Amino acid sequence: MKHYIYKVLLILGGLAVLSSCKKALEENNPSGITAESVYTTPAGFETLVSAAYSYQRWWYGKEEGYSISEMGTDLWASGAGDVTTDLTNYINLQGTNGSLTTEWQQFYAAINLCNAGINRIGGAGLAANVRPVREAELKFLRAFYYWHIVETWGGVHFTLNETQGVITTANKTPAETFNKQIIDDLLFAVANLPVTTADYGRATKPAAQAFLARMYLTQKKNAEARDMALAVINGGYGFTLLPAYADLWKMSNLKNKEVVYAVNYSTNLSQNDLIDPILNPLGHSRGSNNGHLHFAMKYDDQPAMIRDIANGRPFDRYMPTRFLLDLYSDNDSRYEGSFQTVWYANSTIRPAGMKIGDTAIFATKNVFAPAGKLYKIFDRNAVYNANGTVKDQLHYVSLNKFSDPTRTSANEAQSARDVFVIRFAELYLIAAEAEFNLGNPGAAATYLNVIRTRAAKTGKVAEMQLTSAQVTLDLILDERAREFAGEQIRWFDLKRSGKLVERVKAYNPNAATIQDFNLVRPIPRTQIDAVSNKDEFKQNPGYQ
Amino acid sequence: MEKEATNQICMSKFYLSMAICCLFCSIVSAQNRTITGIVSDGKNGQTLIGVSILVKGTNQGTSTDLNGKFSLSVPGQNPILVVNYVGYVKQEITIAAQSQLNIRLTPDETALSEVVVIGYGTVKKRDLTGSVVSVKGEDIAKVPSSNPLESIQGKVPGVDITRSSGSASSGVNINIRGTRSISAGNGPLIIVDGVQYSSLQDLNPNDIASMDILKDASSTAIYGSRGANGVILITTKKGVNGQATVSLNSYYGISKVSRYPTVMNGPQYIEQRRQAYRTTGNWNSPADDAAIFNSAEYGAVTNQQFLDYQDLLFQDGRQQDYQLGVRAGTEKTKVYFSLDYLDEKGVLALDKSNRYSARLNLDQTIGKVFTTGMQAQFTHYEQSNRRDPLNQANKIAPLGTIFDANGNFIVYPLAGTFVNPLADEQPDVYANETIINRTLLSAYMEFKPFKGLVARSNLGVNLNADRAGSYADRFSIDRNGSVPKATYSASNGHLINIENFVTYNKEIKDHSFTITGINSLLYNRTDNIAASGENQLLKSQLFYGLGNTQNQAVTTAYSMNNLVSFAGRLNYAYKGKYLLTATGRTDGSSKLAEGNKWAFFPSAALAWRVSDENFLKDNRVISDLKVKFSYGVAGSDNISPYSTQSSLSRIAFAYDDAAAPAYAYAPRIGNVDLTWEKTKTSDIGLEMGFFKNRITATVDYYDSKTYDLLLNRSLPPTDGVTSVIQNVARTANKGLEIFISSKNINSGDFQWTTNLSFSRNKEKIVELAGGSQADVLNSWFVGSPIQSFYDYEKIGIWQTADVTEAAKYGQKPGDIRVSDLNNDGKIDATNDRKIIGTNRPKWSGGLENTFTYKAWDLNVYVFARIGQTIYADFLRRYDPQGINNSSTIINYWTPENPTNEYPRPNKNVSLASTLYSSTLGYADGSFVRLRNITLGYTVPKLILEKSFIKSVRVYATARNPFTYTKSSLLKEYDPERGGSEGAPMTKLYTFGLNASF
């Protein structure tokens, strides 16, 4: 009898436990947050918009962005530190390229967020005057990201919807669909964005107009491009060309009147995008603007030189082609305004007779080989071979537009320099190219001369002027090279003008293996491997 | 909390009912009398401690004290005493009138009466149906080590153990029978005294009574989903009846770096730089040195100032341990108590770990039917962790000096790029300290109301509190000139495990049944805080002054998961020859999706004791033979909680300098269909004994198939997210395990035993997500092990004679030559890469020889791990530009040295931009090492007879003194480190003492 009592009691005990099971298996996640809880409030929705902007930092000021937007063009060759020779020199460029993989992923994350915001904005409870502005910002950004995607990879995946659940397919959409959407989104942005913003870095009406002008030009809508460029030039927005080109790059002058649209980096580096387990778990491994690292030559292996803040931390990734250096005439202030050619002695150990502050290194595009100089000379023939290929990948005339002497130490990789995405100067060059394409070389020359007048050294304005007869598409591209070298636009300019392959073959002998299929970049392997509709979503031709 | 409360109420009801039941229990005792006796070994006459003596048919019993003596009150007329001791044949003695007994037990050479701990119970080795390996505590304590698992490395077939690094606080990597899961965890379930406890490094090997490793599906099935990767059951020592024994175990050892690859010295470095510039035509003779070294370097070159940073960084490490244990008890109360201090100092400064632990095991019999007890362990760690300086030390130029002419430390040697590798050793530059407090409490109440029935409730609590703080100054290796940063993090976790189980045992004629029913609840909670700040006011505050920093950041997080389980097991034996075990377990996991939370895991095992059949009885050769077969399904939910949920992630952002919070989708999305990963395993085993079990052998063959794998599946990035945990893909593991133990010589003074263990496991991916054959990004390939290396195949270096052929591939003499696998005249990523190898060994094994001669004992243990490929950092420690230093082993090509090993130095080409440079890192990682050699001396009893000391043994041990690697590339490297250059492995030489009083 006793046995039964025990057994009954045990069973009862077991049943009591069983009844509490269901509740025990519910998940409680108080520290996690979801789209449903955050994006449905006005303050929460603002975090979505800010996040949508943040993805620009993955491209602008980053090595990945420089590699894709400036390398493989007529302007740059590999420095000894180049780690993406596939992009720079078209050696075995494939879908495994890390820069392309990163940007593809971040751009589509940005697109997904823009789509989510645009489609969810009605449920966010935004004030009536705020809602159209935020929607316009998101559409501006979507157009901006889609432009990078379609120009880099061609007609790839396109959607206007937020991803719901697990989707293992992707579509191939013609570039025309991207282009139409880009225009539609920008027209909405132009109509709804305010002229100025209190939050530096947000898109404004002139920024949207300027970008729209660039898009019209890209899409061969030359009249619209010209008109939209002029709408900004004559819009009374207060933009102006700075009198001296070199002043554009001063750290004290980042918010200048020539900046139409910039990707902002905060001087408080902890608000930038460096990966950090607390502040920024999804951030970039280097963070902030890194442009100062990549174009600097290795000066600190030379006599009398040690690494310092002013001369920067030389990553020695990219060096100018001889062609780029030769584009600048002696009348053009942009050569000195863009490049460092002299390094001054800063080390306690120096060749006898050299004082601190004396020239220690001189790099020049000219032939210059005097005997008996105390300083080191890297002249045209020391750096380049006769055929224009590179001889010395370590020492060369170095682009220093992005150098940052305000960093707190020589090795600090993060710079707070904003990236100028659209400068006022570009609008004149857009207008010039559009007018040239419309058959008006005279008008084109007029706009080009605005830029060349500012670029002229003191007393050399007349020598810098062009006549309408001189204007050709190549000349416009040369002018853009002089004006924008390094500013993450060259690849797009060459592609738009149909001159990419021709000019690379002609002017960049290190990258002469370029072929027509290189007009689009390979789709990352991570995408090709992950899609289930492999028969439809294939690699771009010529790549694996 | 509410849920827990409900369960605790359930629990208290349960105990209350048990207490009430107790009232019914009244066993009337008849006239008792007391008998005393002494138990000794029938062969050598030594008295035996802790022998169990039970009055047959009752619960009355005792065990012998330190002198082998016992005293027991026995009831009625002619009672029968059952005398039982591990390793001896059980005796039953009928007592007539005598009150003084002299019992001599016969050693059981068959060892089959040894008890093996299986989940929720024990079974005699002879009745075992599954694949379980039992290791005795004394074997674990033989090798002085900070982690008990290190001691069984290579000794248990099917268990692959490697030390994870050589740093003082590092743990071990352990895999049982290969890896099944790709994204989910593969570590075994570790149960200490019935409670899940993954922190095995907390345990002192001397506290362990036994370690039982459950490998096949039938044995692990009782743990359901938790047992999918095998189960390690650890039982700690208990008190014994009788006079207290105090034991003291201690060792002191010196550790040294074991096989660490050197880097080039000054002259070799200079030569490489010269070659790099010679290749490009910038160097012809030492006269050009001034042009290829910067001014600081050139000064060092001309003054012959050379440095060996490894030598400056490495020091002798230390490991010392002091453990004091007390075993005591009365008939009703048994106590085991121990205190332990372990001090480990690594081979790098700032790498230290101190462990303080205390254990109290208490068992109390209450009345006639209740036993209650508690096992408690508290562990406190104070650790200091060194940020790896070796990467820096191995690439910095070995030139110059550490201090300048004024005696100041040079932060950037040679005015170069790298912070001095010794920077972190300077005062207040770097600190990274961890404090861990862990408490393991296991309380039980056992209830034996009548013969055959045992009901037991366990309450296990595992409390974990730790904090980590770090400070890195501006000129530390971490910060390299960036703003100083301090971090502080703390976490609080508790795991509560409530288990109730009932076992009922019944024998009806030739049939014997044991039925076990289990209910188990597991609650896991952790919350944590992490904070950081930059640029603090005083660096001397290290991480204690985060309030005085700028850019303060803080985050907190919470995580929970629960598991509810019900299980039942039937053990059935017919005539003790035909054995059956059937197990079923249902698990419910909070981590899985609604509707998929529950799963049922069945298993069955059969065994046939062939040697008990008449035709083999009294066979002269075969003394034992058992055939076993088992089949079962196990599951895994070994993924992080909340994998079913999609969440947002924070992004730091600002407009101008005004911070703006930003939240975007986390790259991994939730899966609302998540369910169990399952593994079906069949196992065929043989247990054999020959020549009266002087030679015993076990052989197991298993075949396991894992499906619905919990895979962190890569999604097309066009989704805007990149991964989801999904039940896709399949893997398979097959393997063979052999263990042979032989008493080669067993004659009086001299004994020699040999143990040989061998395991071979073949692991492969059977299916990947979406039916694809390869996931190149993750290096997953159908048909290959999970961790495979996929790359070009290096066949040498292009030689001068090959100049035309090389040019076809756009290469030149001195470049790396790889195989054009598809012979299409070009090398491309899709067609010319193949699987180079895997980090899984083809086989591994151990050979242990123990010699005893009189008071001396010698143990020599060799461990082998064969067939794995390693990808070694130091083999890619090569800078063709000659700027950074390179490993000494690197034999680079020059026109005068037409080697096929490394490409030609070239100042214009970094390693990253050297074509196919990834191929330089592979090496056959096979190694054989003398894992341990111990020489011990036990002071003869005669000498100690009159002192209070009971036994003393002193020993000296060398751990890892010799290693042989198959690949000559690894002649300077410890392959157990697995390829990394950080935290080198160590050799340890110790001197130790075991004493008891």
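Source: prediction; values computed, not measured. To find a chain, count down the sequence lines: A is the first, B the second, and so on, and within it residues start at 1.
Among R307(A), Q414(A), Q105(A), K534(A), the residue making the largest number of heavy-atom pairs under 4.5 Å with chain B is R307(A). Ranked by heavy-atom pairs under 4.5 Å with chain B, the list N264(A), T34(A), T163(A), I278(A) is led by I278(A). Counting heavy-atom pairs under 4.5 Å between each of P667(B), P716(B), G720(B) and chain A puts P716(B) at the top. Residue with the most contacts toward chain A among Q881(B), E534(B), K907(B): K907(B) (heavy-atom pairs, distance under 4.5 Å). The choice from A531(B), A664(B), S647(B), S589(B) that makes the most heavy-atom pairs within less than 4.5 Å of chain A is A664(B). Between chain B and the options D529(A), I167(A), V531(A), the largest number of non-hydrogen pairs under 4.5 Å is found for I167(A). The greatest number of non-hydrogen atom pairs below 4.5 Å with chain A, out of R474(B), K826(B), E297(B), is found for R474(B). The choice from S347(A), S270(A), G201(A) that makes the most heavy-atom pairs within less than 4.5 Å of chain B is S270(A). Between chain A and the residues L414(B), T555(B), N480(B), the most heavy-atom pairs under 4.5 angstrom are made by N480(B). Counting heavy-atom pairs closer than 4.5 Å to chain A, the top residue among A660(B), G588(B), S714(B) is G588(B).
Both the backbone and the side chain of T526(A) come within contact range of chain B, with heavy atoms under 4.5 Å apart. When heavy atoms are compared at a cutoff of 4.5 Å, V554(B) approaches chain A solely by way of its backbone atoms N, CA, C and O. Looking at R313(A), only its side chain comes within 4.5 Å of chain B, counting heavy atoms on both sides. R479(B) does not touch chain A: none of its heavy atoms, backbone or side chain, sits under 4.5 Å away. With a threshold of 4.5 angstrom between heavy atoms, A35(A) approaches chain B through its backbone and through its side chain. At a 4.5 Å heavy-atom cutoff, the contact between N272(A) and chain B is made by backbone atoms alone. Contact of L648(B) with chain A is made through backbone and side chain together, with heavy-atom distances under 4.5 Å. At a 4.5 Å heavy-atom cutoff, the contact between E594(B) and chain A is made by side-chain atoms alone. Contact of I349(A) with chain B is made through backbone and side chain together, with heavy-atom distances under 4.5 Å. There is no contact between N561(B) and chain A, counting heavy-atom distances below 4.5 Å. Using a 4.5 Å cut-off between heavy atoms, F653(B) contacts chain A through both its backbone and its side chain. Heavy-atom distances place the backbone of K391(A), and not its side chain, under 4.5 Å from chain B. Contacts of A658(B) with chain A are made by backbone atoms alone, with heavy-atom separations under 4.5 Å and no side-chain atom involved. Only the side chain of R57(A) comes within contact range of chain B, with heavy atoms under 4.5 Å apart. In this structure, chain B has a heavy atom under 4.5 Å from the side chain of A116(A), while its backbone stays farther away. For Q726(B), the part sitting under 4.5 Å from any heavy atom of chain A is the side chain, from C-beta outward, and nothing else. For Q106(A), no part lies near chain B; criterion is any non-hydrogen pair under 4.5 Å. Within the 4.5 angstrom heavy-atom criterion, no atom of F418(B) approaches chain A. At a 4.5 Å heavy-atom cutoff, the contact between S646(B) and chain A is made by backbone atoms alone. Proximity to chain A (any heavy atom under 4.5 Å) is shown, for Y298(B), by neither the backbone nor the side chain.
Going from atom CD1 of I292(B) over to atom CG of D301(A) covers 10.0 Å, rounded to the nearest 0.5 Å. To the nearest 0.5 Å, atom OG of residue S559(B) and atom CG of residue N29(A) are 8.0 Å apart. For the atom pair CD of Q271(A) and CG of N551(B), the computed distance is 7.5 Å after rounding to the nearest 0.5 Å. For the atom pair T47(A) OG1 and I651(B) CD1, the distance stands at 9.5 Å (nearest 0.5 Å).
Classification of D276(A) and K485(B) as a salt-bridged pair holds, one side-chain N sitting under 4.0 Å from a carboxylate O.
At least one side-chain heavy atom of W104(A) sits under 4.5 Å from a side-chain heavy atom of T718(B). Proximity of E412(A) to V483(B): side-chain heavy atoms (C-beta onward) are nowhere separated by under 4.5 Å.
Ring geometry for Y53(A) versus Y655(B): interplanar angle over 60°, hence perpendicular rather than tilted (30 to 60°).
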Problem set entry | Trace of the side-chain hydrogen bond (donor to acceptor under 3.5 Å, both in side chains) decision for S590(B) with E27(A) | CA-CA 6 Å; S590(B) 67; E27(A) 282 199 305; 4.8 Å; no

Problem set entry | Candidate pair N112(A) and D719(B), rule side-chain hydrogen bond (donor to acceptor under 3.5 Å, both in side chains), full reasoning | CA-CA 7 Å; N112(A) 191 42; D719(B) 283 3; over 6 Å; no

